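Sharing a structure, written as structure tokens. Questions coming.
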Amino acid sequence: KNQVEQSPQSLIILEGKNCTLQCNYTVSPFSNLRWYKQDTGRGPVSLTIMTFSENTKSNGRYTATLDADTKQSSLHITASQLSDSASYICVVSDLGGQNFVFGPGTRLSVLP
Amino acid sequence: GAVVSQHPSWVICKSGTSVKIECRSLDFQATTMFWYRQFPKQSLMLMATSNEGSKATYEQGVEKDKFLINHASLTLSTLTVTSAHPEDSSFYICSARDSRGSTNSPLHFGNGTRLTVT
């Protein structure tokens with residue numbers, strides 16, 4: 001069964017600190033992996049998209065990594081800001097890119 | 001950049017009435033749009049895939065007669081919650097991808113509609 005798991009479920013950090021969120025998947029065949037940020041009461045916004053051949057991709061203070069062999073991805077947030085408080089969702093799509101499997105998300109709270 | 005507009009952003013309706021939610025791709029064409037439902041502190045659950053010019057594909061357990069989907073043009077899909085009940089209260093989100101893009105092109109989301117049925 002195609003599944004996406006994320007850890008931790010929730011995380012609280014202080015402003016300015018770094019953090020890393022994890023995503024494990026069993027989706028096969030694999031097409032791409034996406035990280036989204038979802039603010040409360042809003043739609044998700046794309047942070048990164050990575051294909052099989054990409055190991056790392058950055059978007060400002062966000063850096064995503066992908067290990068297609070172990071089927072793991074991480075999202076690293078550097079120098080966190082209060083506005084980083086949100087849910088971060090890992091989404092994996094299969095070959096063909098029409099089926100998207102959503103992870104449960106990690107809820108990040110950045111405190112002053 | 002590409003934008004998906006969802007309207008209304010929130011709606012309150014009485015039990016038994018129907019509510020229509022619109023999802024528009026503003027600067028790209030989308031032959032396929034997706035509708036999701038999200039409960040508090042949970043991730044998005046795919047309800048159905050909306051296909052322009054043809055019938056929508058519903059996920060298992062989603063009643064197609066209750067959640068009517070119409071995708072009449074390449075830029076507009078609508079979700080109608082018919083005979084709404086309090087248990088239909090939820091956050092509904094749509095998404096779309098540029099039809100001319102590759103399988104790795106971004107999936108753009110609307111800002112969601114908060115439905116409250118009293």
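Below, read A as the first sequence line, B as the second, and so on, with proteins coming before strands; counting in each chain starts at 1. Below, all heavy atoms of this structure are taken into account, side chains as well, without hydrogens, waters or symmetry copies. Just so we're clear, the structure is a prediction, and the values are computed from it rather than from any experiment.
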Which side chain or backbone donor-acceptor pairs connect chain B with chain A at less than 3.5 Å?
{"unit_1": "B:Gln38", "atom_1": "OE1", "unit_2": "A:Gln38", "atom_2": "NE2", "d": "2.8"}
{"unit_1": "B:Gln38", "atom_1": "NE2", "unit_2": "A:Gln38", "atom_2": "OE1", "d": "3.0"}
{"unit_1": "B:Ser43", "atom_1": "OG", "unit_2": "A:Gly103", "atom_2": "O", "d": "2.6"}
{"unit_1": "B:Arg97", "atom_1": "NH1", "unit_2": "A:Gly97", "atom_2": "O", "d": "3.0"}
{"unit_1": "B:Arg97", "atom_1": "NH2", "unit_2": "A:Gly97", "atom_2": "O", "d": "3.1"}
{"unit_1": "B:Arg97", "atom_1": "NH2", "unit_2": "A:Gln98", "atom_2": "OE1", "d": "2.9"}
{"unit_1": "B:Thr103", "atom_1": "O", "unit_2": "A:Asn32", "atom_2": "ND2", "d": "3.2"}
{"unit_1": "B:Thr103", "atom_1": "O", "unit_2": "A:Arg34", "atom_2": "NH2", "d": "3.1"}
{"unit_1": "B:Asn104", "atom_1": "OD1", "unit_2": "A:Asn32", "atom_2": "ND2", "d": "2.7"}
{"unit_1": "B:Ser105", "atom_1": "O", "unit_2": "A:Arg34", "atom_2": "NH1", "d": "2.9"}
{"unit_1": "B:Ser105", "atom_1": "O", "unit_2": "A:Arg34", "atom_2": "NH2", "d": "3.0"}
{"unit_1": "B:Leu107", "atom_1": "O", "unit_2": "A:Tyr36", "atom_2": "OH", "d": "3.1"}
{"unit_1": "B:Asn111", "atom_1": "OD1", "unit_2": "A:Gly43", "atom_2": "N", "d": "3.3"}

Q. Considering residues at least two apart in sequence or located in another chain, which fulfil the side chain to side chain contact (heavy atoms under 4.5 Å, CB included) criterion with B:Pro86?
A.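 Counting only residues at least two positions away or on another chain, B:Pro86 forms a side chain to side chain contact (heavy atoms under 4.5 Å, CB included) with B:Ser15, B:Val117.
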Q: Can you tell which part of B:Ile93 gets under 4.5 Å to a heavy atom of chain A, answering side chain, backbone, both or neither?
A: side chain
Q: Mark yes or no for whether B:Thr80, through its side chain, and B:Thr82, through its backbone, hold a donor-acceptor pair below 3.5 Å.
A: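 Judged by distance alone, no pair lies under 3.5 Å.
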Q: Evaluate the criterion ring-ring contact (aromatic ring centres under 6.0 Å, His included) for residue pair A:Phe100 and B:Phe34; output intermediate values, then yes/no.
A: CA-CA 10 Å; A:Phe100 298 92; B:Phe34 304 92; 5.6 Å; yes
Q. Which distance, rounded to the nearest 0.5 Å, do you find between the CG of A:Leu75 and the CG of A:Leu108?
A.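 Output value for this atom pair is 9.5 Å.
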Q: Hey, could you give me the CG/OG distance between B:Asp88 and B:Ser83, rounded to the nearest 0.5 Å?
A: 8.5 Å
Q) So which of A:Pro44, A:Gly43, A:Gly41, A:Pro104 has the biggest tally of heavy-atom pairs under 4.5 Å with chain B? A) A:Pro44
Q: Decide if atom CZ of B:Phe39 counts as having more than 12 heavy atoms of other residues, nucleotides or ligands within a radius under 6.0 Å.
A: yes
Q. Rounded to the nearest 0.5 Å, how far apart are CD1 of A:Ile89 and CG of B:Leu44?
A.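 Answer rounded to 0.5 Å: 5.0 Å.
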